[in-house]
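Working notes for the structure below.
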Amino acid sequence: MPEYDDTKSQLVRHVSDLARVLADHRHGQAFMRDFLERNPKHPTEERIVDDRVFLLGLDELYRTGIKPHERTELLVAAREVASTLGLSPTDVPVEGYYGEDDQLREYFKLMRALQKVDASARARVASLRDFQRLSQVAASPLFGEAAFGGMLFPVGRDPLARALDSIGKWSVAELVDAAHRIVTESDDYSLVGLACLVRDPVVVTALRESVVVYAAAATMGVGTLPLYRWRVSDEVAKRAARFVATFNALFAEEIPAPIADNADYFGAAALKVGDISGRCVRIAQSQSPVKYYHWAIFSGADKLLGVHEFWHEELWTTARYRKALPENRVGPAAVV
């Protein structure tokens, strides 16, 4: 296909995005250490890297690391497999960060098309290296337990997905509690599983939006300089280490190890995320009539983040939800 070579060339330009971000951060940290040695009385600000900050930072590094692969090698693979099967991209609303550019949008729509193909098509594509690579990514424990259900590609059954199957009447509180019980009784270390481990619905919503298709330099000048302090739970750090090792092996990337010495990487990455309010993700849907169950992050009048759960006959994306927020319709009032 003519797009193949063009996309492969972009891999060379973009695949080192995460490496550049980490290199810039190391440069900034070196500057800060040198500056504080020469100016020991310069004001500093202690910033705690707790479970929420750590996981939002890990999520940002995950996004930075995986998007170049989705724009390039994985898009090329999805095009090749879809072409072999005679498929076109599915015309569906683009969820999560996949609406950022044309390449991510195409990848999302191709994967949605491929996820509808049943396992009987495996013989036609099993020998393709591109199919094998897509299967390797889709079946990764990064996204939970791989569930095929008679289909060509698996979807990740993370603890939240399993909680949805175990509860008859859904609510944020009950689902988060159920997902927490499920993850503590398993060895799951998926991105959403880590969020379920800390029992934080805001983090669960934010991180689930990142994996929807599969289920910072220091301040310069006179301002205060950040000093990050590690306060991450031992179990979260232990499972996150497996997530990081799996991601780095799967994509040949360099997310730092989740240890106290690297607190500044995750703290700075979480700060880079900025305002996560407005992230909206479809959690599930009913069969007949078709209605979609969503969770969305919003900031209330007290500036504290909360999770708005709602059903709607149309699928709401982050872009749509955020478009409603500037009109001062926060939380439930955003959905009309």
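Side chain of Gln132 to main chain of Ala126: a donor-acceptor pair is present (N/O by atom type, distance under 3.5 Å, no hydrogens or angles). Remark: side-chain polar atoms of Ser286 are paired, donor with acceptor, to backbone N or O of Lys291 under 3.5 angstrom. Looking at Ser166, its side chain does come within 3.5 Å of a backbone N or O of Ala163 through a donor-acceptor pair. Judged by distance alone, the side chain of Ser83 and the main-chain N or O of Arg79 form no donor-acceptor pair under 3.5 Å. Side-chain N or O atoms of Thr246 include none that pairs as donor or acceptor with a backbone N or O of Ala249 at under 3.5 Å. The backbone N or O of Gly193 lies less than 3.5 Å from no partner atom in the side chain of Asp158, so there is not a single donor-acceptor pair.
Within the 4.5 Å cutoff, no side-chain heavy atoms of Val204 are placed close to those of Leu175. The shortest distance between side-chain heavy atoms of Phe266 and Glu60 does not fall below 4.5 Å. Between Asp130 and Thr84, the closest side-chain pair of non-hydrogen atoms is not below 4.5 Å. Lys109 is listed as a side-chain neighbour of Asp91, based on a closest heavy-atom distance under 4.5 Å. In this structure, Leu191 and Leu142 have side chains that are not in contact, with every pair of non-hydrogen atoms separated by 4.5 Å or more. A heavy-atom distance below 4.5 Å is found between the side chains of Leu227 and Leu36. Looking at Tyr62 and Val211, their side chains come closer than 4.5 Å, going by heavy atoms from C-beta outward. Using a 4.5 Å cut-off on side-chain heavy atoms (C-beta onward), Ile48 and Val53 make no contact.
For residues 118-128, no residue pair satisfies the salt bridge (Lys or Arg N to Asp or Glu O under 4.0 Å) rule, not counting sequence neighbours. Applying the salt bridge (Lys or Arg N to Asp or Glu O under 4.0 Å) definition to pairs two or more places apart or across chains, those involving residues 168-191 are Asp177-Arg199. Residue pairs meeting the salt bridge (Lys or Arg N to Asp or Glu O under 4.0 Å) criterion with at least one member in residues 235-251, sequence neighbours excluded: Glu235-Arg239. The ring-ring contact (aromatic ring centres under 6.0 Å, His included) pairs that include a residue from residues 181-208 number zero, where partners must be two or more places apart or lie in different chains.
In terms of heavy atoms, Val183 sits closest to Cys196 at CG1-C, 4.0 Å. Scanning both residues, Ser186 and Arg162, for their nearest heavy atoms gives CB-NH1, 4.4 Å. Taking all atoms of both residues into account, the shortest heavy-atom contact from Val236 to Leu194 is O-CD2, 4.0 Å. Closest approach of Leu104 to Asp101, counting heavy atoms only: N-OD1, 2.8 Å. Across all their heavy atoms, Glu209 and Cys280 have their closest contact at CG-O, 3.8 Å. Of all non-hydrogen atoms in Ser88 and Leu110, the two that sit nearest each other are C-CD2, 4.5 Å.
Hydrophobic cluster membership differs between Phe143 and Ile182, with clusters built from Ile, Leu, Val, Met, Phe, Trp and Tyr side chains linked at under 4.5 angstrom. Linking ILVMFWY residues whenever their side-chain heavy atoms come closer than 4.5 Å, directly or via other members, places Trp230 and Ile255 in the same cluster. Taking hydrophobic clusters as Ile, Leu, Val, Met, Phe, Trp and Tyr residues chained together by side-chain heavy-atom distances below 4.5 Å, Val172 shares a cluster with Ile276. By the criterion of side-chain heavy atoms lying less than 4.5 angstrom apart, applied directly or through intervening Ile, Leu, Val, Met, Phe, Trp or Tyr residues, Val244 is not grouped with Ile259; the two fall into different hydrophobic clusters. A continuous path of ILVMFWY side-chain contacts below 4.5 Å connects Val81 to Leu87, so both sit in one hydrophobic cluster.
By the side-chain hydrogen bond (donor to acceptor under 3.5 Å, both in side chains) test, Asp234 pairs with no residue at all, sequence neighbours left out. Qualifying side chain to side chain contact (heavy atoms under 4.5 Å, CB included) partners for Arg133, counting only residues two or more places apart in sequence or in other chains: Glu73, Leu74, Gln136, Val137, Leu250, Phe251. With sequence neighbours left out, the ring pair (Phe, Tyr, Trp, His ring centres under 6.0 Å) criterion links Phe243 to no other residue. Residues meeting the side chain to side chain contact (heavy atoms under 4.5 Å, CB included) test with Pro154, sequence neighbours left out: Ala138, Ala139, Ala146, Phe148. Partners of Arg33 according to the side chain to side chain contact (heavy atoms under 4.5 Å, CB included) rule, which considers only residues two or more places apart in sequence or in another chain, are Gln29, Ala30. Listed by chain and residue number, Thr90 satisfy the side chain to side chain contact (heavy atoms under 4.5 Å, CB included) test with Ala113 (two or more places apart in sequence, or in another chain). Residues meeting the salt bridge (Lys or Arg N to Asp or Glu O under 4.0 Å) test with Asp34, sequence neighbours left out: Arg38.
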Is there a side chain to side chain contact (heavy atoms under 4.5 Å, CB included) between Thr317 and Val94 once you walk through the steps? CA-CA 7 Å; Thr317 64; Val94 177; 5.9 Å; no

Side chain to side chain contact (heavy atoms under 4.5 Å, CB included) for Tyr107 and Met111? Distances and angles first, verdict last. CA-CA 6 Å; Tyr107 176 67; Met111 287 304 298; 3.6 Å; yes

CA sep, side-chain torsions, deciding dist, call: Val213, Glu95, side chain to side chain contact (heavy atoms under 4.5 Å, CB included): CA-CA 8 Å; Val213 76; Glu95 303 171 66; over 6 Å; no

One pair to check against side chain to side chain contact (heavy atoms under 4.5 Å, CB included): Phe54 and Val198. What are the steps and the verdict? CA-CA 11 Å; Phe54 165 68; Val198 303; over 6 Å; no

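Partner of Tyr293 under the side-chain hydrogen bond (donor to acceptor under 3.5 Å, both in side chains) criterion, chosen from Arg282, Glu309, Gln285: Glu309.
Side-chain contact, Tyr321 with His308: a donor N or O sits under 3.5 Å from an acceptor N or O. One side chain, Asp59 or Ser210, offers a donor N or O that lies under 3.5 Å from an acceptor on the other.
Taking a cutoff of 4.0 Å between a charged side-chain nitrogen and a carboxylate oxygen, Arg105 and Asp102 qualify as a salt bridge. Between Lys67 and Asp17 there is no salt bridge, since no side-chain nitrogen of the basic residue lies less than 4.0 Å from a carboxylate oxygen of the acidic one.
Within the model, atoms CZ of Arg279 and CZ of Arg322 stand 6.5 Å from one another, a figure rounded to the nearest 0.5 Å. Put simply, CD1 on Ile283 and CG on Leu160 are 5.0 Å apart, with the number rounded to the nearest 0.5 Å. The CZ atom of Arg320 sits 8.0 Å away from atom NE2 of His294, with the distance rounded to the nearest 0.5 Å.
Ring pair Trp170/Trp295: centre-to-centre distance not below 6.0 Å.
Grouped by direct or indirect side-chain proximity (heavy atoms under 4.5 Å, Ile/Leu/Val/Met/Phe/Trp/Tyr only), Leu315 sits with Val290, Tyr292.
Aromatic ring orientation, His42 versus Phe35: perpendicular (interplanar angle above 60°, classes split at 30° and 60°).
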